[in-house]
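Shown next, in structure tokens, is the structure this report addresses.
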Amino acid sequence: MYRGKKVTAVVPAYNEAPAICRVVHELKHLAVDQAPVLDRVLVCDNGSSDATAVLAARAGAEVVTEPQRGYGRAC
């Protein structure tokens with residue numbers, strides 16, 4: 001199903017420090033028939049004032065920043 005395809009999850013995040021580690025972990029371990037679904041987890045920190053970006057990176061996500069707020073901007 002996903003074999004041979006490159007799939008990236010894009011997670012827009014604003015002040016999600018309490019939840020971001022769990023979200024990244026679950027996405028990184030998402031599998032179908034024991035085969036990984038995602039090649040990358042990309043968290044777009046949307047100007048958080050907490051540790052969202054640091055925690056996402058520690059959990060294994062690639063982190064980019066979009067300081068201008070808004071879901072569309074973050075995506």
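Computed from a predicted structure; not experimentally measured.
- Partners of L30 by side chain to side chain contact (heavy atoms under 4.5 Å, CB included), not counting sequence neighbours, listed by chain and number: V37.
- Summarising the geometry of A13 relative to I20, their closest heavy-atom pair is CB-CD1, 4.3 Å, with the distance given to 0.1 Å.
- Here the closest non-hydrogen pair linking N15 and S49 is OD1-N, 2.6 Å.
- Residue pairs satisfying the salt bridge (charged side-chain N to carboxylate O under 4.0 Å, His left out) criterion with at least one member in residues 44-59, sequence neighbours excluded, are absent.
- Here E26 contributes atom CD and L38 contributes atom CG; the two are 12.0 Å apart, rounded to the nearest 0.5 Å.
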Could you pull out every donor-acceptor pair under 3.5 Å between side chains of residues 68-75 and any protein atom, sequence neighbours left out?
residue	atom	partner	partner atom	Å
Q68	OE1	R73	NE	3.2
Q68	OE1	R73	NH2	2.9
R69	NH1	Y14	OH	3.3
R69	NH2	Y14	OH	2.9

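- Minimum interatomic distance between A53 and V63 (heavy atoms only, all atoms of both residues): O-CG2, 3.6 Å.
- Remark: the backbone N or O of V7 is paired with a side-chain donor or acceptor of D39 at under 3.5 angstrom.
- Listed by first and then second residue, the ring-ring contact (aromatic ring centres under 6.0 Å, His included) pairs involving residues 29-63 are H25-H29 (not counting sequence neighbours).
- V10 shares a hydrophobic cluster with L42, V64; the chain of contacts runs through ILVMFWY side chains whose heavy atoms sit under 4.5 Å apart.
- When the side-chain hydrogen bond (donor to acceptor under 3.5 Å, both in side chains) test is applied to R40, the partners found at least two apart in sequence or on another chain are E62.
- In this structure, E66 has no salt bridge (Lys or Arg N to Asp or Glu O under 4.0 Å) partners at least two apart in sequence or on a different chain.
- Looking at residues two or more places apart in sequence or on another chain, you find no side chain to side chain contact (heavy atoms under 4.5 Å, CB included) involving A31.
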